[in-house]
Structures are given as structure tokens and as C-alpha cells.
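Remarks on the structure that follows.
Note that this is a predicted model, so its numbers are computed, not measured.
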Amino acid sequence: MSNPQIDLSNVNPKKAIAGIITVVVLLVLIFVGLKSYKSVPAGHVAVATLFGKPVEQEFNAGLQFPVNPLYEWIEYDVREKTHKEEASVPSQDQLTTDIDVSVQYNIVGDQASRILTETGTAEDAVTVHLIPKLRSLMREQGKTVVRAEEFFQPETQERLTRDIQSKLQEYLEPKGVNVQAVLLRDFRLPPSILANVELKKQAEQKVEQERAELEQVKVQAQQKVEQAKAEREAAEQEAERRKLIADAQAYEIQKINEAIANNPAYIQLESLKALQAISSDPAAKLYFLNGDSPQPLPLMNLGSENPITGGR
């Protein structure tokens with residue numbers, strides 16, 4: 001078989017060149033069309049560079065059109081992120097405490113172009129600025145603690161959190177990084193300190209228990225005092241009541257004596273009342289009466305078994 005021959009003798013050179021130019025133009029147009037817009041994801045900003053030089057404009061999330069097709073794009077995630085750091089921090093007593101810290105931060109979107117010029121990417125901003133400064137501040141603040149066990153005190157933790165956050169924010173704000181919060185997650189003291197802290201805690205618990213027992217004894221003693229006081233007051237009231245009764249009885253006797261002295265018939269009347277009471281008694285017995293006496297008073301009870309009766 002022979003290879004087929006292409007006959008170019010009838011090809012018009014001008015048309016061929018025009019066709020090639022047309023294809024090239026179409027390819028250029030397609031390239032320009034694809035490069036004339038930029039879609040920025042949610043939670044991001046984009047920075048454009050033209051021949052390596054950043055454009056001093058940030059492009060927010062969404063479709064950006066039209067844009068220079070010659071731009072190269074670098075995206076910055078401006079959503080909140082957390083960086084966790086562990087560091088061994090010495091205190092003034094030369095003991096080292098391991099501290100776990102979390103920093104919540106985000107890249108400031110409207111400073112992305114400057115970050116690209118001065119630092120680089122968002123990851124570079126964290127690596128170059130946030131991490132070294134955080135470690136330095138942790139060691140610096142650790143030196144303000146006199147004894148390692150003070151790291152467990154709430155006021156010490158609050159002070160460290162406040163100071164680290166304020167100084168870290170002051171340093172990173174010009175770098176385009178916003179610090180939202182610093183969280184001290186954990187403290188790990190040296191074993192010797194942990195043993196001492198446990199002994200101290202036990203001693204404090206014992207003191208608190210003894211204090212509670214002493215307080216209970218005081219309460220019981222006070223209750224006894226109050227009870228004795230109440231009993232004394234009750235005795236005084238009872239004595240006063242008895243005195244009033246005795247005074248009333250004495251007054252009654254006095255009045256009776258006065259009535260007897262001033263009215264001889266009073267004793268006769270009382271005698272008659274006594275005789276009436278005796279006669280109405282269901283267990284009546286026999287009595288002798290003194291008939292010669294002006295008052296018929298009973299003289300003697302002989303009992304129910306004596307059949308002899310007497311009197312007038």
C-alpha cells in the first residue's frame with residue numbers, strides 16, 4: 001500500500017493563515033473569558049497579584065467580575081480558628097509547669113494585602129507572628145508567679161489569661177491578626193509539687209473539719225446556755241405565780257378571819273353548809289353533834305359499821 005498524499009497545491013495560503021489566526025484568537029478569548037472573573041468562597045478574601053506585585057485591594061466572598069485576566073490569586077481564610085499551644089513555664093521558685101493554652105483568632109480581611117506583602121499567607125502569619133509571641137508571653141507571665149502551686153489559684157489564672165490576651169492582641173493587631181480569646185486549658189505541676197499540694201489540701205480539709213466541729217461545740221454550748229436561761233426564767237415565773245397564789249390565799253384567810261370576828265353568824269352559816277354536805281354524801285356515816293354548842297358542828301365519825309346513833 002502507498003501512503004496517501006495530501007495535495008497542498010490547491011490550498012490558498014491566505015485562507016490558511018486566516019484560519020490559524022482565527023483559532024488563536026478564539027483560544028485567547030476563551031482564556032481571557034475564563035480569567036475575567038473570580039469566585040471567592042464564603043469566609044475568605046482574595047488578594048490579586050500582577051507580575052508578583054500585590055494589588056492593594058481585597059476581594060470579598062462572591063463572584064468578582066470583571067477582573068484582570070493576568071491576575072494571580074491568593075486566598076485568605078478569615079473565619080475563626082483555634083491554635084493550641086503547650087509550653088513548659090518556669091515560675092520564680094525555679095520549678096517548671098506545663099501549661100496548655102488555646103488562642104482563638106481570625107485573619108483581618110481588609111489587611112490581607114498587607115499581610116501578603118509583609119508576611120505571606122495566613123499560615124505564615126500564624127507561624128511567624130502568633131506562635132513565637134504566644135510562647136514568649138507564656139514564659140514571661142510565668143515569671144510573675146512566685147510559687148508553682150499558685151497556677152491552680154483562680155485569681156492567678158484570671159490574671160495570666162487577661163495579661164496574655166491583652167499583650168498578644170496588642171502585638172498581633174498591626175500584623176493583621178485579631179485575637180478573640182485566650183483560654184488556659186490545663187496545668188501540670190511537677191510531681192513533688194503535686195504531692196505537696198495534696199498534703200496541703202488534706203491539711204486544709206482537716207482544719208476545716210476541726211473548725212466545723214468547734215463551731216458545732218460552740219452552738220451546742222450556746223444552746224445549753226439558752227436552755228438554762230429559759231429554765232431560770234420559767235422557774236422565776238413559777239415562783240412569782242406561787243407567790244401571787246400564796247398572797248391571794250393569805251388575803252382570803254385574812255378576809256375570812258375578819259368576817260368571823262365581825263359577824264358571829266358567819267360560823268353558824270358555814271356549819272349549816274357543812275351539815276348539808278354531810279347529809280347529801282352517798283357514803284353517809286354517823287356523827288355526834290354537840291347539842292350544847294350554839295353551832296351544830298360534827299364532833300366524831302363512828303363509821304358505818306356502828307349501829308348506835310346519837311345527837312339531837
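- Rounded to the nearest 0.5 angstrom, E204 CD and L199 CG are separated by 11.5 Å.
- Using modelled atom types, one finds a donor on one side chain and an acceptor on the other under 3.5 Å when comparing H129 with T119.
- Distance NZ/K201 to CZ/F152: 9.5 Å, rounded to 0.5 Å.
- Minimum heavy-atom separation, A61 to P41: CB-O, 3.3 Å.
- If you check the side chains of Q157 and Q153, you find no donor sitting under 3.5 Å from an acceptor.
- The local environment of CD in E213 is crowded, with over 12 non-hydrogen atoms from other residues, nucleotides or ligands closer than 6.0 Å.
- For the pair E58/Q111, no side-chain contact is recorded, criterion being any heavy-atom separation below 4.5 Å from C-beta on.
- With a 4.5 Å cut-off on side-chain heavy atoms, I74 and L116 count as touching.
- Q64 places a side-chain N or O within donor-acceptor distance of the main-chain N or O of N60, the cut-off being under 3.5 Å.
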(request) Output, in order, the C-alpha distance, side-chain angles, deciding distance and verdict of side-chain contact (heavy atoms from CB on, under 4.5 Å) for R241 and Q237. (result) CA-CA 6 Å; R241 185 182 70 83; Q237 292 177 358; over 6 Å; no
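- For the ring pair (Phe, Tyr, Trp, His ring centres under 6.0 Å) condition, the pairs that include at least one residue of residues 158-194, sequence neighbours left out, are F151-F187.
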(request) Show your working on side-chain contact (heavy atoms from CB on, under 4.5 Å) between R188 and D100 and close with a plain yes or no. (result) CA-CA 9 Å; R188 294 182 296 278; D100 295 344; 2.8 Å; yes
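- A side-chain N or O of T121 and one of D124 form a donor-acceptor pair less than 3.5 Å apart.
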(request) Verify side-chain contact (heavy atoms from CB on, under 4.5 Å) between Y76 and I115, making sure each step is shown before the conclusion. (result) CA-CA 10 Å; Y76 287 80; I115 294 174; 4.0 Å; yes
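- For the pair N68/L50, a side-chain contact is recorded, criterion being any heavy-atom separation below 4.5 Å from C-beta on.
- Note that CG of D163 is 13.5 Å distant from CE of M138, once rounded to the nearest 0.5 Å.
- A donor-acceptor contact shorter than 3.5 Å links the side chain of R114 to the backbone of P174.
- The CZ atom of R162 sits 11.0 Å away from atom CD1 of I164, with the distance rounded to the nearest 0.5 Å.
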(request) Take R147 and E150, measure what salt bridge (Lys or Arg N to Asp or Glu O under 4.0 Å) needs, and give me the verdict at the end. (result) CA-CA 6 Å; R147 298 185 304 275; E150 293 181 7; 3.5 Å; yes
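- A single hydrophobic cluster is not seen to contain both L134 and L183; linkage of ILVMFWY side chains at heavy-atom distances under 4.5 Å, directly or through other members, places them apart.
- To the nearest 0.5 Å, atoms NZ (K53) and OG1 (T49) are separated by 12.0 Å.
- Grouping the Ile, Leu, Val, Met, Phe, Trp and Tyr side chains by contacts below 4.5 angstrom, directly or via other members, places W73 with L70.
- Hydrophobic clustering (side-chain heavy atoms under 4.5 Å, transitive across Ile, Leu, Val, Met, Phe, Trp, Tyr) groups V55 together with F51.
- With a 4.5 Å cut-off on side-chain heavy atoms, I107 and D77 do not count as touching.
- What you find for A148 and T97 is that their closest heavy atoms are CB-OG1, 3.8 Å.
- Side-chain contact between D98 and V89: absent, with no pair of heavy atoms (C-beta onward) separated by less than 4.5 Å.
- By the 4.0 Å N-to-carboxylate-O rule, K167 lies close enough to E140 to be salt-bridged with it.
- Considering only heavy atoms from C-beta on, N106 stays 4.5 Å or farther from R79 through its side chain.
- Looking at T117, its side chain does come within 3.5 Å of a backbone N or O of S113 through a donor-acceptor pair.
- Minimum heavy-atom separation, A48 to F59: CB-CE1, 4.1 Å.
- Taking a cutoff of 4.0 Å between a charged side-chain nitrogen and a carboxylate oxygen, E75 and K38 qualify as a salt bridge.
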(request) Check the pair E240 / I245 against side-chain contact (heavy atoms from CB on, under 4.5 Å), numbers first and verdict last. (result) CA-CA 9 Å; E240 183 67 21; I245 293 175; over 6 Å; no
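- Considering all non-hydrogen atoms of both residues, Q165 and Q180 come closest at NE2-O, 3.3 Å.
- A salt bridge links E238 with R242: the closest approach of a Lys/Arg side-chain nitrogen to an acidic carboxylate oxygen falls below 4.0 angstrom.
- Applying the 6.0 Å contact sphere to CD of E252 captures no more than 12 heavy atoms from other residues, nucleotides or ligands.
- With hydrogens and angles disregarded, no donor-acceptor distance shorter than 3.5 Å links the side chain of Q104 to the backbone of A181.
- A donor-acceptor pair is defined here as one N or O able to donate and one able to accept, closer than 3.5 Å; such a pair exists between the side chain of R185 and the backbone of V101.
- Of the N and O atoms on the side chains of E173 and N178, not one donor lies less than 3.5 Å from an acceptor on the other residue.
- Contact record, L130 with V103: CD1-CG1, 4.4 Å, taken as the closest heavy-atom pair.
- A pairwise comparison of heavy atoms in V177 and A125 identifies CG2-CB, 4.2 Å as the closest pair.
- Atoms CD and CD, from Q227 and Q222 in turn, are 12.5 Å apart once rounded to the nearest 0.5 Å.
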(request) Assess whether salt bridge (Lys or Arg N to Asp or Glu O under 4.0 Å) is satisfied between E208 and R211, documenting all intermediate values. (result) CA-CA 5 Å; E208 287 297 327; R211 183 180 292 111; 2.7 Å; yes
